[in-house]
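Down below is the structure, laid out as structure tokens.
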Amino acid sequence: MSDYIHVSVAWPYANGDLHVGHLAGAYLPADIFARYHRLKGNRVLMVSGSDSHGTPISVEADKRGIPASQIFGRYHERFLQTQQKIGISYDLFTHTDTENHHRIAQDIFLLLLERGHLYKESQKLLYSEFEKRFLPDRYVEGECYVCNYPNARGDQCDNCGSLLDATQLINPRSRNHPEETLIVRETEHYFLALGKFTDQLLAYIDGHEAHWRANVVRFSRNFIAEGLRGRPITRDIDWGIRVPLDGWDEKRLYVWFEAVMGYLTASIEWAQHIGEPDAWKRWWYNPDARIYNFIGKDNIPFHAVIWPAELFGIDGIYNDGSANGNGANATPLQLPYDIPANEFMNIEGQQFSKSRNWAIWLPDLLERYQPDAIRYYVAATFPETRDADFDWDGFLSRVNNELVAAWGNLVNRMLGFAYKRYDGKVPSYTALADEDAALIAQVEAGFETVGALLEAVKLREALSTAMGLVRDANNYLSVQEPWKRIKEDPEAAARTVYTILRVIDNLKILLAPFLPFSSQQVHEYLGYDGQLFGAQQIVTIDEAAGAHQALTYDGSQAVGRWQISALQPGQALRQPGPLFVKLEPEIVDQERSALGQPREEQPIEV
RNA sequence: GGUGAUGUAGCUCAGCUGGUUAGAGCGCGAAACUCAUAAUUUCGAGGCCACUGGUUCAAGUCCAGUCAUCACCA
């Protein structure tokens, strides 16, 4: 029986290209995990999308003097192309400016209001009479009321380090129009009454402690222990989802309140898109389904505390006619089963910085390197337990010395040998020797060991375990020496070559979640037809008020299975070639010198 | 300032509830091999496990403090 696995991935702000931090923190781990479960035959629903709203997008739009919608539209399109190229296999990657997402977010707002989880409160905020709007903290500068530094930011003083309350700044001014002095004005907002959920949240964490990462448990408990206060969920901005109440036209839902709902809204959109509008309930109303949120560590409180609190508050939605007849309230929505948050991936020892362009952008990386080479290096250095470092020396050496030398070379040398010396076929043999059977058994055991590690989201260890089997295979070859035996003992050489091809056939599957493109190549070299995984496609989804683009996955034709090889002697091989490109040592200096330099965005070729 | 994390071979990292001579991959040195994108395989060198003090028959492993880095909160 197949399990229902929901893979929910953090929603990137669509205010700039994707970079390796995104890839290492959330998207690649999620994809490896999803591909593994698909191979296992489980029912996977993997969703995410561009976060269209939020201050970072408005800031970027103001900087360039264009509308926010244009910023997010541009980067949404680039996200689709980038992720298709590197093979992040979303069932649906959409965005939050869809009719579907707006409607559901508003429904949830009203539901929470109706159930008494929201309350109204006045706040004092800085208001610009010139712009006729309240300004977020990061739009504000002024004199620090702690140290009198004249150019303190709205949230923090760069001089004395104090965190500031923007309304207390001396002579606060807008960063956009420094000549204007801002005024403090009262404004009313809705708050989510988080504190009420404290006990439920603690019980929820207790119930999952055993299989959560220690950092997520500690962080969440700590966050709750500091006391859960109500959080404002509306803002005085014009870019975002309307508050569905009369007289609230000037305000919008706070981006963090609605973005996390994307896991649910994208699932619903996916169900509609495949023509089975209720299909999302197989995960969201199935107590046996497991929902995994793949995120970076900066998002832990939102996923381990705030989103579960929203789910507690929602309780049930769109589930009329459920089993016990109590309508929408009858069945609670499923909470995340696991939140495997990754730490950060730094670059050459320094923290990512967009403003200094201390970053490695995925579209640029994909211009120059194979997707599987990028995937291999990043997966081998996943920041699963602590911050990790992307350094070009490491990239060069892991790709050349591990991926190319150990795995690529194993495939190339033996498929080439078999193709040339055995008439383009898998050689026949009469009986396997003990050492042949031993190697096959050892590699077949990998389906258990590597599988268990993938299941537990220990992806880096899963990859290194699989690579250990690659080394075992190389070791076996140097003992058996089929290139020598083919002259002295052809029978022994034939069973050795058969054995190694069968082992490669197994390794191809063990590595496929990590290296889907090259595993497909190996699959074809071995003479098989069909695609190990489904097809990714960028499609247009129509709604009443407009259309949007999304990245989708169709697994109906996929033939890959997480099971041992039954490679048949006599099977016709295809002419093999090198799997991977070996990198030139010069790239290290070239890439390093580009860090921190101004960068131009190039069009992405798909 | 508070809380938490991290600090182990040149590099990247494993070391669970304390227990024989501290592990892996890469890099380095030597040897073997030649099917392969000179790739592979074997053997070897290399570590006061951040520092100081403590608990214990026994401590990278527990406790306290110090330093460095990072995160969250104030």
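None of the values given here were measured: they were computed from a predicted structure. Each chain gets a letter, A, B and so on, in the order its sequence line appears, and its residues count up from 1.
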Between [M] and [N], how far apart are the [atom1] atoms? Round to whole Å, please.
N	M	atom1	answer
B:rU61	B:rU17	C1'	10 Å
B:rA45	B:rC72	P	45 Å
B:rC70	B:rA59	C1'	26 Å
B:rC28	B:rU21	C1'	24 Å
B:rG15	B:rC62	P	13 Å
B:rA58	B:rU20	C1'	11 Å
B:rA24	B:rC67	C1'	30 Å
B:rG10	B:rG53	P	24 Å

Check: A:Leu515 main-chain N/O paired with A:Arg35 side-chain donor or acceptor under 3.5 Å
no
Taking the side chain from A:His303 and the backbone from A:Asn299, do they hold a donor-acceptor pair closer than 3.5 Å?
yes
Atom pair distance, as rounded to whole Å: [atom1] in [X] and [atom2] in [N]:
X	N	atom1	atom2	result
A:Asp389	B:rU69	CG	P	16 Å
A:Asp393	B:rC13	CG	P	14 Å
A:Leu396	B:rG27	CG	P	11 Å
A:Leu228	B:rC73	CG	P	13 Å
A:Asn215	B:rC70	CG	C1'	13 Å
A:Leu463	B:rC26	CG	P	13 Å
A:Asn346	B:rU12	CG	P	12 Å
A:Asn342	B:rA71	CG	C1'	15 Å

Pair [X] + [Y], salt bridge at N-O below 4.0 Å:
X	Y	result
A:Asp364	A:Arg368	no
A:Arg231	A:Glu310	no
A:Lys508	A:Asp505	yes

When every nucleotide of nucleotides 31-41 of chain B is labelled 5' to 3' by its protein contacts under 4.0 Å (heavy atoms), B for base, S for sugar-phosphate only, - for none, what sequence of letters results?
--SSBBB-SSS
Crowded around A:Lys354 NZ? As in, over 12 foreign heavy atoms under 6.0 Å?
yes
Classify A:Thr385 by what it touches in the nucleic acid, base, sugar-phosphate, or nothing, heavy-atom distance under 4.0 Å.
sugar-phosphate
Base, sugar-phosphate, or nothing: which does A:Gln351 touch, judged by heavy atoms less than 4.0 Å apart?
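Here A:Gln351 touches the backbone only, sparing every base.
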Name the closest nucleotide to the A:Asp387 side chain, picking from B:rC13, B:rU12, B:rC70.
B:rC70
Think A:Arg398 forms a cation-pi with A:Tyr377, using NZ or CZ under 6.0 Å from the six-ring centre and within 45 degrees of its axis?
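No, A:Arg398 and A:Tyr377 do not form such a contact.
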N or O in side chain of A:Arg386 less than 4.0 angstrom from B:rU69 OP1/OP2
no
Short side-chain donor-acceptor distance under 3.5 Å, A:Glu60 and A:Tyr13:
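Result is no, nothing qualifies.
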Under a 3.5 Å threshold, yes or no: a donor from one side chain and an acceptor from the other, between A:Glu591 and A:Tyr369?
yes
A correct dot-bracket answer for RNA chain B, with pairs being Watson-Crick or G-U at under 3.5 Å, [ ] for crossing pairs and | for inter-strand pairs, is (((((((..((((.....[...)))).(((((.......))))).....(((((..]....)))))))))))).
Can you check side chain to side chain contact (heavy atoms under 4.5 Å, CB included) on A:Asn342 and A:Glu384, steps first, answer last?
CA-CA 5 Å; A:Asn342 269 359; A:Glu384 286 179 352; 3.7 Å; yes
For B:rG29, measure the glycosidic angle (O4'-C1'-N9-C4 for a purine, O4'-C1'-N1-C2 for a pyrimidine) and name it syn if it falls within 90° of 0, otherwise anti.
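B:rG29: anti.
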Most 5' of A:Phe344 and A:Arg218 on RNA chain B, judged by nearest nucleotide:
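Taking each residue's closest nucleotide, the earlier one in sequence belongs to A:Arg218.
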Could I get the full list of side chain to side chain contact (heavy atoms under 4.5 Å, CB included) partners for A:Tyr119, not counting sequence neighbours?
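Partners of A:Tyr119 under the side chain to side chain contact (heavy atoms under 4.5 Å, CB included) test: A:Glu121, A:Phe191, A:Ala193.
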